[in-house]
Amino acid sequence: MAPTGRAALLAALGSLPVGIWEPGWTGLLAVNAPLAVACACDYALAAPVRTLGLTRSGDTSVRLGETADVTLTVTNPSRRPLRARLRDAWPPSSWTPGTETEASRHRLTIPAGERRRVTTRLRPTRRGDRQADRVTVRSYGPLGLFTRQGTHKVPWTVRVLPPFTSRKHLPSKLARLRELDGRTSVLTRGEGTEFDSLRAYVPGDDTRSIDWRATARQSEVAVRTWRPERDRHLLLVLDTGRTSAGRVGDAPRLDASMDAALLLAALASRAGDRVDLLAYDRRVRALVQGRASGDLLPSLVNAMALLEPELVETDTRGLTAAALRTAPRRSLIVLLTTLDATPVEEGLLPVLSRLTQRHTILLASVADPHVAAMGQGRGDVDAVYEAAAAAQAQTERDRTAEQLRRRGVTVVDATPEELAPALADAYLALKSAGRL
């Protein structure tokens, strides 16, 4: 009942309220017998709350940035109709800021012995598991003077998966892969071991590809073309140490690394290669091994959903040992880590030879676009100093990358938006060159 309706009722009963239990007119203190009787009747006619039956159904997973619907079924077993307000509580990161009140509160009217459903729409702002909190139900009497209130625990978990925004690049990378595999009219010669066909020699071809026997049988020089080798092994290594916690834009570097890893995994599995995942800082945080092509991406996104940057220095020796255990035979190891000078020079370089002796190494790092923007600054003293600092930082980063390249490591250094396609291109380049 609206406040004005309650005021009219009180006037008709010949009394005035002397206190308000809480804002919202959920209860009143009265001073005469008729009003006390009305309040008592209102309380008695309110449907009980603790006997309600509540069950959940709906989505159990959602990609970050999308919506998930969780349905709450409320059963009223009493003989009185339920007029109620319901709050379905979830962690604050389950909604976009400012939308929680509207999304989590519902009005209910359930006749005696019947059930109704209400749907809470979540839009999580962070990865990981979001678990339902309490369901609070406030039952009103027909006059709206008094209420019954109770809470229920109705467990439910929604796993928030990485968004995989780089999926949009997959069709173009698959088209390039089909060219490498010889499934289009474009023939690409590589140095793999899977023979494809012969074609006429053109200036610039590697003379080592000439097939002298075929040349002797015809009037022109013939060269071999090769299909890129299939069934290679890729190990994606995510560094989850403190450097992965640095924010670039609105997200930590780890999120951009995971997005790039997902695109590469999708591309490599379509190329017929086997893909595993290792996440490490001072211990193994996630390990995905031996998944079939159809089960690979679901396994990866489920493992990545729970990963968070750890504010500890990465144990590079432990990471190297874990990578060698996970990839005992020759593989392409993709390190998604930092290019900062100190972690690389003091941590990675001393143990890098253990990896390069047996494996092909590709290192991918997330660059901060703000540094490039600072480097363009001019006009006043502050802008010039910022430009000088940005230039110094970039020079140091380039020097670190060159140190790695001299040791046989392929380096990809790109902004979050460009990292995933750049990493995929580097993989295709290695594949076309027969280096996997």
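Side-chain atoms are counted along with the backbone in the values below, which use heavy atoms only and exclude waters and symmetry mates.
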Engineer: How far apart are the closest heavy atoms of Ser139 and Ala47, and which atoms are they?
Structural biologist: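 Shortest heavy-atom contact: OG-O, 2.8 Å.
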Engineer: For Arg247, is the CZ atom crowded, meaning more than 12 foreign heavy atoms sit under 6.0 Å from it?
Structural biologist: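 Yes, because the 6.0 Å sphere around CZ of Arg247 holds more than 12 heavy atoms from other groups.
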Engineer: In terms of heavy-atom contacts, does CZ of Arg317 have more than 12 from other residues, nucleotides or ligands at under 6.0 Å?
Structural biologist: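 No, not enclosed.
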Engineer: In this structure, are over 12 heavy atoms from other groups packed under 6.0 Å from Arg115 atom CZ?
Structural biologist: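 Atom CZ in Arg115 is not packed in, count stays at 12 or less.
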Engineer: Apply side chain to side chain contact (heavy atoms under 4.5 Å, CB included) to the pair Thr109 and Leu82, showing each step before the final yes or no.
Structural biologist: CA-CA 5 Å; Thr109 301; Leu82 174 70; over 6 Å; no
Engineer: Answer whether the closest heavy-atom distance between the side chains of Pro92 and Pro97 falls below 4.5 Å.
Structural biologist: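 No, side chains not in contact.
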Engineer: Tell me whether Arg87 is salt-bridged to Glu100, with the criterion being a basic N under 4.0 Å from an acidic carboxylate O.
Structural biologist: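 Glu100 and Arg87: salt-bridged.
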Engineer: Just verifying a value: how many Å separate Leu335 CG and His359 NE2, rounded to the nearest 0.5 Å?
Structural biologist: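 Those atoms lie 10.5 Å apart.
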Engineer: Are there over 12 heavy-atom neighbours, none belonging to Arg121, within less than 6.0 Å of that residue's CZ?
Structural biologist: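 No, CZ of Arg121 has 12 or fewer neighbouring heavy atoms, counting only those of other groups under 6.0 Å.
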Engineer: Decide side chain to side chain contact (heavy atoms under 4.5 Å, CB included) for Leu161 and Leu64; before the verdict, give the C-alpha distance in whole Å, the side-chain angles of both, and the deciding distance to 0.1 Å.
Structural biologist: CA-CA 6 Å; Leu161 307 174; Leu64 184 65; over 6 Å; no
Engineer: What are the two closest non-hydrogen atoms of Val412 and Leu423, and how far apart are they?
Structural biologist: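 That would be CG1-N, 4.1 Å.
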Engineer: Just verifying a value: how many Å separate Arg80 CZ and Ile110 CD1, rounded to the nearest 0.5 Å?
Structural biologist: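 Rounded to the nearest 0.5 Å, the CZ-CD1 separation comes out at 14.0 Å.
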Engineer: If the threshold is 4.0 Å, N to carboxylate O, is there a salt bridge linking Asp425 and Lys173?
Structural biologist: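 Judged by the 4.0 Å cut-off on N to carboxylate O distance, Asp425 and Lys173 do form a salt bridge.
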Engineer: Taking atom types as modelled and ignoring hydrogens, do the side chains of Ser61 and Arg159 form a donor-acceptor contact shorter than 3.5 angstrom?
Structural biologist: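 Distance-only check fails for Ser61 and Arg159.
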Engineer: Between Asp239 and Ser244, do the side chains contain a donor N or O and an acceptor N or O under 3.5 Å apart?
Structural biologist: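 Note: Ser244 and Asp239 side chains miss the donor-acceptor criterion.
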Engineer: Under the 3.5 angstrom rule, does the side chain of Asp273 hit a backbone N or O of Arg232 as a donor-acceptor pair?
Structural biologist: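 A pair under 3.5 Å: yes.
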Engineer: So for atom CZ, which belongs to Arg330, do other residues, nucleotides or ligands contribute more than 12 heavy atoms lying within a distance under 6.0 Å?
Structural biologist: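 Yes.
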Engineer: Would you mind reporting whether Leu174 and Pro171 have side-chain heavy atoms less than 4.5 Å apart?
Structural biologist: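 The answer is no, as the side chains (C-beta and beyond) never meet within the 4.5 Å cut-off.
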Engineer: Check Ala68 against Asp59 and note the closest heavy-atom contact, atom names and distance.
Structural biologist: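 Where Ala68 meets Asp59 most closely, the heavy atoms are CA-OD2, 3.4 Å.
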Engineer: Just by distance, no angles: are the side chains of His106 and Asp88 close enough, under 3.5 Å, to form a donor-acceptor pair?
Structural biologist: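 Judged by distance alone, the side chains do not pair up.
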Engineer: Of all heavy-atom pairs between Val366 and Arg397, which one has the smallest distance, and what is that distance?
Structural biologist: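 Nearest pair, atom of Val366 first, then Arg397: O-NH2, 3.0 Å.
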Engineer: Given side chain to side chain contact (heavy atoms under 4.5 Å, CB included), test Val409 with Leu352 step by step and report yes or no.
Structural biologist: CA-CA 9 Å; Val409 178; Leu352 185 60; 3.7 Å; yes
Engineer: Go through the side-chain N and O atoms of Asp340 and Thr338 and say whether any donor and acceptor fall under 3.5 Å apart.
Structural biologist: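 The criterion, which ignores hydrogens and geometry beyond distance, is satisfied for Thr338 and Asp340.
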Engineer: The test is side chain to side chain contact (heavy atoms under 4.5 Å, CB included); show your working for Leu363 and Thr410 and say whether it passes.
Structural biologist: CA-CA 6 Å; Leu363 186 145; Thr410 301; over 6 Å; no
Engineer: Can a salt bridge be assigned to the pair Asp281 and Arg242 using a cut-off of 4.0 Å between side-chain N and carboxylate O?
Structural biologist: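 No, no charged N to carboxylate O under 4.0 Å.
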Engineer: Heavy-atom distance under 4.5 Å between the side chains of Leu238 and Leu307, does that happen here?
Structural biologist: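 Side-chain contact under 4.5 Å: yes.
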Engineer: I'd like to know if Asp315 pairs up with Arg283 as an ion pair, taking the criterion as any Lys NZ or Arg NE/NH1/NH2 lying under 4.0 Å from an Asp or Glu carboxylate oxygen.
Structural biologist: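 Here Asp315 does not pair with Arg283 in a salt bridge, since their nearest N and O are not under 4.0 Å apart.
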Engineer: Specify the closest pair of heavy atoms between Leu287 and Val284, including all atoms of both residues, with the distance to one decimal.
Structural biologist: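 Shortest heavy-atom separation between Leu287 and Val284 comes out as CB-CG1, 4.1 Å.
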Engineer: Would Thr136 and His152 count as having a side-chain donor-acceptor pair, cut-off 3.5 Å?
Structural biologist: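 Looking only at side-chain atoms, His152 and Thr136 do not form any donor-acceptor pair under 3.5 Å.
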Engineer: Can you confirm whether Gln394 sits close enough to Arg399 that some side-chain heavy atom of one is under 4.5 Å from a side-chain heavy atom of the other?
Structural biologist: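 The answer is no; the side chains never approach within 4.5 Å.
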Engineer: Strictly distance-based, threshold 3.5 Å: is any side-chain N or O of Ser331 a donor or acceptor partner for the main-chain N or O of Arg329?
Structural biologist: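 Here the side-chain-to-backbone pair exists.
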Engineer: Mind checking whether Val158 and Leu122 have side chains closer than 4.5 Å, heavy atoms only?
Structural biologist: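 In short, these two side chains touch, coming nearer than 4.5 Å.
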Engineer: In this structure, are over 12 heavy atoms from other groups packed under 6.0 Å from Arg50 atom CZ?
Structural biologist: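 Check fails, neighbour count at 12 or below.
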Engineer: With a 6.0 Å cut-off (strictly less than), is the heavy-atom count around CD of Gln392, excluding the residue itself, greater than 12?
Structural biologist: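 No, the 6.0 Å shell around CD holds no more than 12 heavy atoms from other groups.
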Engineer: Should the pair Arg176-Glu179 be classified as a salt bridge under the 4.0 Å nitrogen-to-oxygen rule?
Structural biologist: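 Salt bridge: yes.
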Engineer: Does Arg282 offer a backbone N or O that forms a donor-acceptor pair with the side chain of Arg285 under 3.5 Å?
Structural biologist: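 Checking the backbone N and O of Arg282 against the side chain of Arg285, no donor-acceptor pair under 3.5 Å is found.
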Engineer: How close do Leu108 and Arg116 get, heavy atom to heavy atom, and via which atoms?
Structural biologist: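 Minimum heavy-atom separation between Leu108 and Arg116: CD2-CB, 4.2 Å.
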Engineer: Checking Thr165 against Asp259 for the side chain to side chain donor-acceptor pair (under 3.5 Å) test, could you report, in this order, the C-alpha distance in whole Å, the side-chain angles of both residues, the deciding distance, and whether it holds?
Structural biologist: CA-CA 7 Å; Thr165 55; Asp259 191 53; 3.2 Å; yes
Engineer: For a quick check under 3.5 Å, do Thr71 and Arg56 share a side-chain donor-acceptor pair by atom type?
Structural biologist: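 There is no such pair between these side chains.
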Engineer: Using modelled atom types and a 3.5 Å cut-off, is there a donor and acceptor pairing between side-chain atoms of Thr320 and backbone atoms of Thr316?
Structural biologist: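 Checking the backbone N and O of Thr316 against the side chain of Thr320, a donor-acceptor pair under 3.5 Å is found.
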Engineer: So with a 6.0 Å cut-off around CD of Glu102, is the heavy-atom count from everything else above 12?
Structural biologist: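 Check fails, neighbour count at 12 or below.
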